[in-house]
Engineer: 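Handing you a structure now.
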Amino acid sequence: MSGLQPYRHRLDRLDDEIARLLGERFEVCREIARFKRTEGIPMMQPDRVAEVRARYLARGAEAGLPGEFSADLFELLIAATCKEEDELMAELAAEADGGAR
């Protein structure tokens, strides 16, 4: 099994980088939620979601990823980040309402 070790090590490094990048993406989504809340912008932006989805699928195809995988991953990612934005915006609204008393 030691012949697999270099491959496993590479996968471990890639997994670490993927987790770091996802964490960074979520943090940017939190920043966006704060901005949207401040500016009174609705959380859901369907045109933007469609634009990002198309780009995501194209980049997945360029990287040789199966289309179904890219689509499923995008749907999971967008659902999770939209949920994060929605919850943060609701939390910020509740804080603002509580602070106005």
Side-chain angles (χ1 to χ4, degrees):
M1 286 288 219
S2 64
L4 291 174
Q5 197 57 36
Y7 302 107
R8 290 177 176 165
H9 181 69
R10 285 172 53 200
L11 286 175
D12 290 347
R13 285 194 330 246
L14 289 168
D15 289 340
D16 291 347
E17 186 67 6
I18 290 167
R20 186 192 67 73
L21 288 170
L22 288 171
E24 188 175 327
R25 190 181 198 288
F26 270 77
E27 184 53 39
V28 171
C29 288
R30 290 181 200 106
E31 292 172 15
I32 289 169
R34 290 180 192 99
F35 181 83
K36 286 178 179 177
R37 170 70 183 130
T38 300
E39 299 297 318
I41 300 170
M43 190 284 293
M44 184 51 73
Q45 303 287 308
D47 290 343
R48 174 66 178 159
V49 171
E51 174 188 329
V52 173
R53 184 180 195 280
R55 190 178 64 245
Y56 203 89
L57 295 178
R59 286 183 178 161
E62 290 169 8
L65 300 176
E68 185 177 348
F69 172 80
S70 293
D72 289 350
L73 184 58
F74 173 80
E75 295 302 327
L76 179 64
L77 184 60
I78 201 70
T81 53
C82 283
K83 181 178 186 281
E84 183 86 4
E85 274 190 47
D86 195 37
E87 289 175 355
L88 180 54
M89 289 176 77
E91 181 182 314
L92 293 170
E95 288 175 5
D97 289 345
R101 292 178 189 200

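In this chain, residues are counted from 1 in sequence order. Note that the structure is predicted; figures quoted are calculated from it, not measured.
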Engineer: Would a single hydrophobic cluster contain both Y56 and L65, if residues Ile, Leu, Val, Met, Phe, Trp and Tyr are joined by side-chain heavy-atom contacts under 4.5 Å?
Structural biologist: yes

Engineer: Does R10, at its CZ atom, have more than 12 non-hydrogen atoms belonging to other residues, nucleotides or ligands within less than 6.0 Å?
Structural biologist: no

Engineer: Can you give me the closest heavy-atom contact between L88 and R30, atom names plus distance?
Structural biologist: CD2-O, 3.6 Å

Engineer: Does V49 belong to the same Ile/Leu/Val/Met/Phe/Trp/Tyr cluster as M43, with side-chain heavy atoms less than 4.5 Å apart forming each link?
Structural biologist: yes

Engineer: Of all the heavy-atom pairs spanning G60 and S70, show the shortest one and how long it is.
Structural biologist: CA-OG, 3.6 Å

Engineer: Below 4.0 angstrom, N of the basic side chain to O of the carboxylate: do E62 and R59 qualify?
Structural biologist: no

Engineer: When rounded to the nearest 0.5 angstrom, what distance separates CD in Q45 from CD1 in I32?
Structural biologist: 10.0 Å

Engineer: Is the CD atom of E68 crowded by more than 12 outside heavy atoms at less than 6.0 Å?
Structural biologist: no

Engineer: Under 4.5 Å between side-chain heavy atoms, hopping through other hydrophobics if needed: is there a path connecting I78 to F69?
Structural biologist: yes

Engineer: Is R34 salt-bridged to E31, cutoff N-O under 4.0 Å?
Structural biologist: no

Engineer: Less than 4.5 Å apart, side chain to side chain, heavy atoms only: is that true for L77 and L22?
Structural biologist: yes

Engineer: Which heavy atom of A71 sits nearest a heavy atom of R53, and at what distance?
Structural biologist: CB-NH2, 3.9 Å

Engineer: Can you tell me how far apart CZ (R20) and CD (E24) are? Round to the nearest 0.5 Å.
Structural biologist: 5.0 Å

Engineer: May I ask you to say whether E87 pairs ionically with K83, meaning some side-chain N is under 4.0 Å from a carboxylate O?
Structural biologist: yes

Engineer: If we only count heavy atoms from C-beta on, is the M44 to E85 side-chain gap below 4.5 Å?
Structural biologist: no

Engineer: Within this structure, what is the OG1-CG distance for the pair T81 and D86, rounded to the nearest 0.5 Å?
Structural biologist: 11.0 Å

Engineer: Does one hydrophobic cluster hold both L73 and F26, with members joined at side-chain heavy-atom distances below 4.5 Å?
Structural biologist: yes

